Trainee: 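Next up is a structure, given as structure tokens.
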Amino acid sequence: MAKPLVSDELWSLIEPLLPPPKPRRFRFPGRKPLGDRQALTGILFVLKTGIPWEDLPIEMGCGCGMTCWRRLQAWQQQGIWFRLFQVLLNHLEEAGKIDWARAAVDSTFARAFGGVEGSGKNPTDRGRPGVKQHVMVDAQGIPLTGEITGANVPEIKELVPLVDSCG
């Protein structure tokens with residue numbers, strides 16, 4: 001049997017961060033909702049393999065891809081992924097798994113079609129709106145912190161705030 005994507009240890013860290021399920025109506029309760037652990041397994045499988053959401057195999061017991069995608073969106077809007085990142089980072093720090101001897105900072109540009117909040121005119125892409133994602137990782141490549149700015153913000157202006165946020 002294949003190794004599960006969400007181990008019991010990982011699930012014990014994630015479960016307290018998730019909101020409680022909405023109570024079902026007594027009369028006409030409808031279809032039973034997909035459990036959070038199954039939805040997380042489906043989300044991780046799609047993100048790990050890169051398959052389209054619609055192609056999520058039913059045999060995995062993760063429901064349909066759109067259900068997992070909607071759960072991913074809901075958890076993002078509720079800030080659960082950021083809280084999970086913080087919990088996992090603290091867990092790694094307590095275990096001594098973060099290598100503070102060296103760090104790397106890099107940025108990437110993403111075009112913001114139609115513009116998004118915080119986007120700025122990209123000086124190298126004919127003024128089209130976009131955002132920059134700045135990330136700092138440890139010596140092993142574990143992301144320690146990140147920031148999103150407008151495309152017109154120079155990378156050097158984000159270096160000190162990124163380093164300070166890890167202090």
Side-chain angles (χ1 to χ4, degrees), residues 1-92 97-98 105-122 125 128-138 140-151 153 158 162 165:
M1 184 172 177
K3 181 177 155 188
L5 290 176
V6 182
S7 67
D8 291 337
E9 181 184 4
L10 178 60
W11 182 245
S12 68
L13 293 172
I14 296 171
E15 189 175 24
L17 302 174
L18 301 176
K22 292 190 298 190
R24 295 176 69 197
R25 295 181 306 200
F26 176 73
R27 190 169 183 206
F28 309 117
R31 184 180 295 164
K32 188 174 181 185
L34 183 67
D36 288 336
R37 189 169 183 171
Q38 289 84 5
L40 180 63
T41 300
I43 291 167
L44 293 177
F45 183 79
V46 168
L47 297 178
K48 184 176 181 178
T49 62
I51 65 169
W53 289 101
E54 298 86 13
D55 294 341
L56 183 65
I58 295 293
E59 297 82 17
M60 289 186 65
C62 301
C64 75
M66 287 298 102
T67 300
C68 293
W69 179 80
R70 281 194 286 286
R71 197 75 58 95
L72 171 72
Q73 294 291 85
W75 290 347
Q76 174 63 30
Q77 290 172 351
Q78 296 167 357
I80 290 171
W81 294 112
F82 182 71
R83 289 196 309 259
L84 175 60
F85 171 71
Q86 291 174 324
V87 166
L88 293 176
L89 205 56
N90 289 337
H91 191 67
L92 288 171
K97 301 285 186 180
I98 295 179
V105 177
D106 200 3
S107 299
T108 184
F109 169 77
R111 178 128 181 249
F113 293 100
V116 294
E117 184 179 331
S119 66
K121 293 182 178 183
N122 183 2
D125 193 14
R128 293 189 176 107
V131 294
K132 283 185 183 170
Q133 299 153 341
H134 311 270
V135 178
M136 184 168 112
V137 298
D138 77 341
Q140 303 171 71
I142 296 173
L144 301 174
T145 187
E147 185 66 40
I148 296 176
T149 63
V153 175
E158 285 303 309
L162 278 175
S165 68

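Note that the structure is a prediction, hence the values are computed from the model and not measured.
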Trainee: To the nearest 0.5 Å, how far apart are CZ in Arg83 and CD in Gln78?
Mentor: 7.5 Å
Trainee: Heavy-atom count around Trp69 CH2 within 6.0 Å, excluding the residue itself: above 12?
Mentor: no
Trainee: Is there a donor-acceptor pair under 3.5 Å between the side chain of Arg71 and the backbone N or O of Gly42?
Mentor: no
Trainee: Walk me through whether Trp75 and Asp36 qualify under side-chain contact (heavy atoms from CB on, under 4.5 Å).
Mentor: CA-CA 11 Å; Trp75 290 347; Asp36 288 336; 3.6 Å; yes
Trainee: Cys68 and Cys62: which non-hydrogen atoms are nearest, and at how many Å?
Mentor: SG-O, 3.2 Å
Trainee: What closest approach, in Å, do Gly61 and Leu34 show between heavy atoms, and which atom pair accounts for it?
Mentor: O-CD1, 4.2 Å
Trainee: Take Trp11 and Leu40, measure what side-chain contact (heavy atoms from CB on, under 4.5 Å) needs, and give me the verdict at the end.
Mentor: CA-CA 9 Å; Trp11 182 245; Leu40 180 63; 4.0 Å; yes
Trainee: Working to the nearest 0.5 Å, report the span between NE2 of His134 and OG1 of Thr108.
Mentor: 10.0 Å
Trainee: Which of these passes side-chain contact (heavy atoms from CB on, under 4.5 Å) with Ile43: Leu5, Leu72, Val6, Leu56?
Mentor: Leu72
Trainee: Just wondering, are more than 12 heavy atoms of other shown residues or ligands nearer than 6.0 Å to CZ in Phe85?
Mentor: yes
Trainee: Does atom CD of Glu9 have more than 12 heavy-atom neighbours from other groups under 6.0 Å away?
Mentor: no
Trainee: Does the side chain of Leu89 come within less than 4.5 Å of Thr145's, by heavy atoms?
Mentor: no
Trainee: Do Glu158 and Ser107 touch side chain to side chain, with heavy atoms closer than 4.5 Å?
Mentor: no
Trainee: Can you tell me how far apart CG (Asp8) and CZ (Arg37) are? Round to the nearest 0.5 Å.
Mentor: 4.5 Å
Trainee: Measure the NZ-OG1 distance between Lys132 and Thr149 for me, rounded to the nearest 0.5 Å.
Mentor: 6.5 Å
Trainee: Considering only heavy atoms from C-beta outward, does the side chain of Leu10 approach that of Leu88 to under 4.5 Å?
Mentor: yes
Trainee: Return the NE2 to NZ distance between His91 and Lys97, rounded to the nearest 0.5 Å.
Mentor: 9.5 Å
Trainee: Show the nearest heavy-atom pair for residues Ile51 and Val46, with the distance to one decimal.
Mentor: O-CG1, 3.4 Å
Trainee: Search all heavy atoms of Gly63 against all heavy atoms of Ile58 and return the closest pair with its distance.
Mentor: O-CD1, 4.0 Å
